[in-house]
Amino acid sequence: MEINKGKVKILVIGSNGLIGQKVCELIIINKNIELIAASKSANKLPLVEPFFHYLDISNEFEIGRFICAHKPSVIINCAAITQVDDCERDKDNCWKINVDAVQFICIYAKQYNIRLVHLSSDFVFDGISGLYVEEDETNPVSFYGLSKLEAEKIISAELEDYVIVRTILVYGISHFMTRSNLMLWVKDSLEAGKTINVVNDQYRMPTLVEDIAKGTLELALSEFSGIYHISGDELMSVFEIANRTAEFFNLDTSLILPTSSASLNQIGRRPAKTGFNLNKARAHLKYSPRSLEEGLLLLSQQIDAFNANYKK
Ligand SMILES: NC(=O)c1ccc[n+]([C@@H]2O[C@H](COP(=O)([O-])OP(=O)(O)OC[C@H]3O[C@@H](n4cnc5c(N)ncnc54)[C@H](OP(=O)(O)O)[C@@H]3O)[C@@H](O)[C@H]2O)c1
């Protein structure tokens, strides 16, 4: 591939994931950025085939060889083991990808003077005293949260030119999705006439994937460093999120049954109430997230467009 001098060269690791795909899509339309997309499985983005490379970050040698070969100016790391219960079930694999791999990425970022932008989570907090500012004390209640916090600690100790972007309950659609998210699960279940149990004692600020992708790329291209909170700005119970989603799509809200976290018996504990204070992102990036209904409108338009293409 011809290297275009003068362009910012961004490597997106985990380019197949929900956030990774949207970040890549934003990069592709920006003529001043050269994209290198990398992920463990076959490319899911139809647009970026020539830019796509296989990369398994569980292998330190692979990470080193890849970064040395491409020498990006910025790495955006969207790869992770993201399912809370999977992390409890297979702690070794969670640690390997969410912590050890980040440590290896840091080693090479330092060696080649590369800016690192890394995605993290509201699950680094215990959920007792949200809304959280960036400096608030962390105290994860799950192994997933612990792994995300450990990666944050490594990055901030090893690097100067870095941004840690924490986000919350991201929703949206992407190509060839391997995992659902709350809004799609609610929509699909109610459309199929199924009842669903939804917790009414956990509170979140749902985040449209387009908003977190835009904030992440802006941070990547900025000179800011440190931790940033990027999420939606409406705090509500997960039960309310499900109800507002059902109402938006004109579905039967009586199929949504309120339940407590304890009665779900999930392996991984979830923090009760997270939510972010977004003042830093608003001040530095003029960050302004969409409301839940604005996000759902975009989502429904994307689903309609997908269905129209699919039926052709
Ligand atoms: N989604 C949320 O609600 C949410 C909330 C808070 C924080 N976050 C954080 O945001 C980041 C992105 O989340 P997401 O929802 O976009 O995740 P996702 O859809 O689950 O995607 C994660 C990606 O990581 C890649 N990956 C896993 N193991 C890998 C390996 N060994 N080598 C290379 N790539 C590997 C996978 O690639 P393949 O598909 O190619 O196998 C997958 O596409 C994560 O750090 C997550 O902790 C997400």
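Atoms within a ligand are numbered from 1 in the order they appear, just like the ligands themselves. For the single chain, residues carry numbers from 1 onward in sequence order. Heavy-atom basis, side chains included; hydrogens, waters and symmetry copies ignored.
- Selection from G145, A42, A79, S147 by nearest heavy atom to atom 25 (C) of ligand 1 gives A79.
- Using a 4.5 Å heavy-atom cutoff, the side chains of L131 and F276 are not in contact.
- Under the 6.0 Å cut-off for aromatic ring centres, F125 and Y132 qualify, their centroids lying closer than that.
- Under the 3.5 Å distance criterion, with hydrogens and angles disregarded, no donor-acceptor pair is assigned to the side chains of S260 and D201.
- Other residues, nucleotides and ligands contribute over 12 non-hydrogen atoms within 6.0 Å of the CD atom of Q301.
- Shown here is K187, whose NZ atom has more than 12 heavy atoms of other residues, nucleotides or ligands within 6.0 Å.
- The C78 neighbourhood of ligand 1 comprises atoms 11 (C), 12 (C), 22 (C), with distances under 4.0 Å to a heavy atom of that residue.
- Within 6.0 Å of NZ in K96 there are 12 or fewer heavy atoms belonging to other residues, nucleotides or ligands.
- Counting the atoms of ligand 1 from 1 in the order shown, those under 4.0 Å from a heavy atom of D56 are 30 (C), 31 (N), 32 (N).
- A cation-pi contact links K280 to Y228, judged by a cut-off of 6.0 Å to the six-membered ring centre and 45° from its axis.
- The protein heavy-atom contact nearest to atom 1 (N) of ligand 1 is R179 NH2, 3.4 Å.
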**Report entry** Step-by-step side-chain contact (heavy atoms from CB on, under 4.5 Å) determination, L298 to E210
**Finding:** CA-CA 9 Å; L298 182 64; E210 276 74 11; 3.7 Å; yes
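- When heavy-atom distances to ligand 1 are checked against a 4.0 Å cut-off, F176 has no atom that comes that close, whether in backbone or side chain.
- Residues R179 and T82 bring a donor and an acceptor atom of their side chains to less than 3.5 Å of each other.
- A donor-acceptor distance shorter than 3.5 angstrom exists from the side chain of E294 to the backbone of S291, with no hydrogens or angles considered.
- The residue from V165, I63, D86, V170 that puts a heavy atom closest to atom 3 (O) of ligand 1 is V170.
- By the 4.0 Å N-to-carboxylate-O rule, D86 lies close enough to R89 to be salt-bridged with it.
- At a heavy-atom distance under 4.0 Å, no atom of H118 approaches ligand 1.
- Atoms of ligand 1 lying under 4.0 Å from at least one heavy atom of L55, given by number and element, are 32 (N), 33 (C).
- For S120, the closest heavy-atom approach to ligand 1 falls below 4.0 Å.
- Using a 4.0 Å cut-off between heavy atoms, T82 contacts ligand 1 through its side chain alone, with no backbone atom that close.
- Residue contacts with ligand 1 include K44, since one of its heavy atoms falls under 4.0 Å from the ligand.
- In terms of protein heavy-atom proximity, atom 29 (C) of ligand 1 is closest to K40 CD, 3.8 Å.
- Neither the backbone nor the side chain of A38 has any atom closer than 4.0 Å to an atom of ligand 1 (non-hydrogen atoms only).
- The nearest protein atom to atom 41 (O) of ligand 1, hydrogens excluded, is given as S41 OG, 2.6 Å; this is a heavy-atom distance.
- Residue contacts with ligand 1 for I13 are absent, since no atom lies close enough (heavy atoms, distance under 4.0 Å).
- With atom 48 (C) of ligand 1 as the reference point, the heavy atom nearest to it among I19, N93, L119, T178 is part of I19.
- Here the protein heavy atom with the shortest distance to atom 39 (O) of ligand 1 is N16 CB, 3.4 Å.
- Each of the following atoms of ligand 1 lies closer than 4.0 Å to a heavy atom of S39: 37 (O), 38 (P), 40 (O).
- Counting heavy atoms closer than 4.0 Å to ligand 1, residue T167 contributes atoms from both its backbone and its side chain.
- Close approach to L169 involves these atoms of ligand 1, each under 4.0 Å from a residue heavy atom: 3 (O), 5 (C).
- Here is the list of ligand 1 atoms found below 4.0 Å of a heavy atom in K148: 44 (C), 45 (O), 46 (C), 47 (O).
- Scanning the protein heavy atoms around atom 19 (O) of ligand 1, the nearest turns out to be L18 N, 3.0 Å.
- Within a 6.0 Å sphere centred on CG of N113, heavy atoms belonging to other residues, nucleotides or ligands number 12 at most.
- The shortest contact between atom 32 (N) of ligand 1 and any protein heavy atom is with I57 N, 2.9 Å.
- Minimum heavy-atom separation, S263 to T259: OG-OG1, 2.7 Å.
- Proximity of Y144 to ligand 1 is established by a heavy-atom distance of less than 4.0 Å.
- The single protein non-hydrogen atom nearest to atom 28 (N) of ligand 1 is I97 CG2, 3.9 Å, given as residue, atom name and distance.
- For atom 21 (O) of ligand 1, the closest non-hydrogen atom on the protein side is G17 CA, 3.2 Å.
- Dense packing is recorded around CZ of F224, with more than 12 heavy atoms of other residues, nucleotides or ligands lying under 6.0 Å away.
- Contact annotation: for Q83 versus ligand 1, there are no heavy atoms closer than 4.0 Å.
- Relative to atom 22 (C) of ligand 1, the option among S58, A80, G14, S15 with the closest non-hydrogen atom is A80.
- Both tests hold for K91 against F143: distance to the six-membered ring centre under 6.0 Å, angle to the ring axis within 45°.
- Below 30°, between 30° and 60°, or above 60°: for F66 and H70 the angle between ring planes is between 30° and 60°, a tilted geometry.
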